[in-house]
**Q** 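One structure, as structure tokens, below. Some questions next.
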Amino acid sequence: QRPILLKGHERSITVVKFNFDGDLLFTASKDHIPSVWRTENGERLGTFNGHKGTIWDLDVCRFSKRVVTASADASAKLWDCETGECIKTFVHHGPVRGAAWADGSNMFATISDPFVEHNAQISVYDVPENDDPSNYSDSPRLEIDLPKTSDGKRVNATNIVWLNLNEALFVTFDNGSIRLYDPTTGEELDEFYPHEKKINRVSFNLDKTLFITSSADFTAKLYDVVDLKHLKTYKTDRPVNDAVISETKDHILLGGGQEAMSVTTTSGKVGKFETRFFHLVYEEEFGSVKGHFGPINALAINPNGRSYASGAEDGYIRLHYFDKSYLDMKDPVPEVLEEGEEEDDETEDRESESDSD
């Protein structure tokens, strides 16, 4: 089946995201206008008009009532998802890089870049769903300053996510580190370094037990959320811009390419911009899907596991529906040692469990 080409953005795509139910796809790009599409047929339902700069990130709440966008125009905006109206604008000191809803959808957090004398910041805003938006405060309930490191370098945040039950704010940085912060006190709880270079994206599985980081160091790494243990590494030959974990199979999808500025200088075949499929457990690449004419900047997989979307530097979003052969595909089970029988029973149990998911 051919992918549905979503043509609605004029500049390179920065983020693609399915809502919780998987029936809507939210996209944003450098053209200032986030869009929402119907997943089943690729029809554009509407746009969110009002930003004056690149949209770096967006997030939609659990029941698709409200959307929050993060823009280079130094603001985050809260939108009514159904009408497309802007409910409120939250002004920041610098460009806003990321935005994320908390569990319960009554507050959201943003990350913003440093600007002139202002440091980079993490901000938490209270926006209770049942309150009148005119009562929402302009200023954040919590601001966490991100000062320069001891050697005078600025460290910029690249992504922000709330962990389960809003226990911590999970923030990735351009120096390859991840930090956890307490969302009430703002205290730093943990810091570790999965990568040596910039972490472009992080994405979690639905129940937030696993996360995968994509980095400029040509790798994506899978971690356990609870003990922050490194589980797997997926190696490629170019920067990884985004990676997602399939909900229905033990598969990882990776997207990348070169940096925009070096695209013209590289030789090699055109349309080398592909989504790569890796086996989650064995770390092996087993397939790829070509089609974009520029590096893939953003990936999202439908929670139902039947489709995925990729957005690229070429300004297009491709919405791919998996064919039957992929959906029915059984993942290889390594050859069994001597005891044969018991092992076989186990694999059958596993398969029947995965069928029933």
Side-chain angles (χ1 to χ4, degrees), residues 11-12 14-15 28-32 34 50-59 68-78 88-102 107-126 137-162 168-202 213-217 239 241-242 259-261 297-298:
R11 295 190 56 201
S12 49
T14 53
V15 56
S29 79
K30 294 184 178 175
D31 66 9
H32 315 180
H51 276 297
K52 293 182 173 63
T54 293
I55 313 296
W56 288 120
D57 195 16
L58 58 78
D59 198 18
V68 58
T69 50
S71 170
D73 65 12
S75 76
K77 285 182 187 280
L78 181 64
K88 190 172 175 68
T89 300
F90 299 88
V91 178
H92 289 60
H93 295 307
V96 189
R97 280 278 160 186
W101 283 106
M107 51 185 175
F108 67 87
T110 61
I111 43 174
S112 54
D113 286 350
F115 190 71
V116 199
E117 73 278 8
H118 293 286
N119 281 329
Q121 267 180 341
I122 299 168
S123 315
V124 176
Y125 293 89
D126 280 325
S137 167
D138 288 325
S139 47
R141 165 169 61 79
L142 173 69
E143 274 189 327
I144 304 169
D145 215 41
L146 301 172
K148 293 179 177 172
T149 52
S150 46
D151 54 3
K153 283 206 180 84
R154 283 204 192 273
V155 181
N156 293 350
T158 53
N159 296 268
I160 186 162
V161 180
W162 295 77
L169 287 163
F170 178 104
V171 186
T172 63
F173 290 88
D174 61 2
N175 65 348
S177 70
I178 292 178
R179 294 185 201 155
L180 300 183
Y181 292 91
D182 183 308
T184 14
T185 65
E187 164 196 9
E188 187 179 314
L189 305 172
D190 205 345
E191 178 180 41
F192 60 106
Y193 281 82
H195 297 277
E196 273 130 53
K197 289 191 175 172
K198 176 181 176 185
I199 298 178
N200 290 320
R201 274 290 160 81
V202 65
T213 54
S214 329
S215 169
D217 67 9
N241 292 337
D242 205 353
E259 266 83 289
M261 60 183 186
N297 294 337

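Just so you know, these numbers use all the heavy atoms, side chains as well, and skip hydrogens, waters and symmetry mates. Counting begins at 1 with the first residue of the sequence.
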**Q** Report the relative orientation of the aromatic rings in Tyr125 and Phe90; use parallel for angles under 30°, tilted for 30 to 60°, perpendicular for over 60°.
**A** tilted
**Q** Do the rings of His93 and His118 sit parallel, tilted or perpendicular, given the 30° and 60° boundaries?
**A**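 His93 and His118: parallel rings.
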**Q** Can you confirm whether Asp138 sits close enough to Val91 that some side-chain heavy atom of one is under 4.5 Å from a side-chain heavy atom of the other?
**A**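 They are not in contact (no side-chain heavy atoms under 4.5 Å apart), so the answer is no.
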**Q** Can you tell whether the side chains of Asp242 and Arg201 come within less than 4.0 Å, N to carboxylate O?
**A** yes
**Q** Is there a side-chain contact between Trp162 and Val124 in this structure, where contact means two heavy atoms from C-beta onward sitting under 4.5 Å apart?
**A** yes
**Q** For Arg154, run the side-chain contact (heavy atoms from CB on, under 4.5 Å) check against Thr149, Asp113, Asn119 and tell me which one passes.
**A** Asn119
**Q** With a 4.5 Å limit on heavy-atom distance, are the side chains of Ile55 and Ser71 in contact?
**A**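 They are in side-chain contact.
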**Q** Could you check if a side-chain atom of Asp126 sits within less than 4.5 angstrom of a side-chain atom of Ser137, using non-hydrogen atoms only?
**A**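 Asp126 does not reach Ser137 side chain to side chain.
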**Q** Nearest 0.5 Å please: distance from the CD atom of Glu188 over to the CG atom of Asp182.
**A** 11.5 Å
**Q** With a 4.5 Å heavy-atom cut-off, do Leu189 and Tyr181 have their side chains touching?
**A** no
**Q** Measure from the side-chain N and O atoms of Thr158 to the backbone N and O of Asp174, and report whether any donor-acceptor pair falls under 3.5 Å.
**A**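 Not at all, since once roles are kept as given, no pair shorter than 3.5 Å links the two residues.
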**Q** CD1 of Ile199 to OG of Ser214: how many Å apart, nearest 0.5 Å?
**A** 9.0 Å
**Q** Are the side chains of His92 and Thr110 in touch, meaning some heavy atoms are under 4.5 Å apart?
**A**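 The answer is yes, as the side chains (C-beta and beyond) meet within the 4.5 Å cut-off.
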**Q** Before you tell me yes or no, could you show the steps for Asn175 and Ser177 under side-chain contact (heavy atoms from CB on, under 4.5 Å), namely the whole-Å CA-CA distance, both residues' side-chain angles and the distance that decides it to 0.1 Å?
**A** CA-CA 6 Å; Asn175 65 348; Ser177 70; 2.8 Å; yes
**Q** With a 4.5 Å cut-off on side-chain heavy atoms, are Arg179 and Ile144 touching?
**A** no
**Q** With a 4.5 Å cut-off on side-chain heavy atoms, are Ile122 and Leu146 touching?
**A**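 Side-chain contact under 4.5 Å: yes.
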**Q** Between Asp59 and Val68 (side chain of the first, backbone of the second, donor and acceptor by atom type, cut-off under 3.5 Å), is there such a pair?
**A**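 Here the side-chain-to-backbone pair does not exist.
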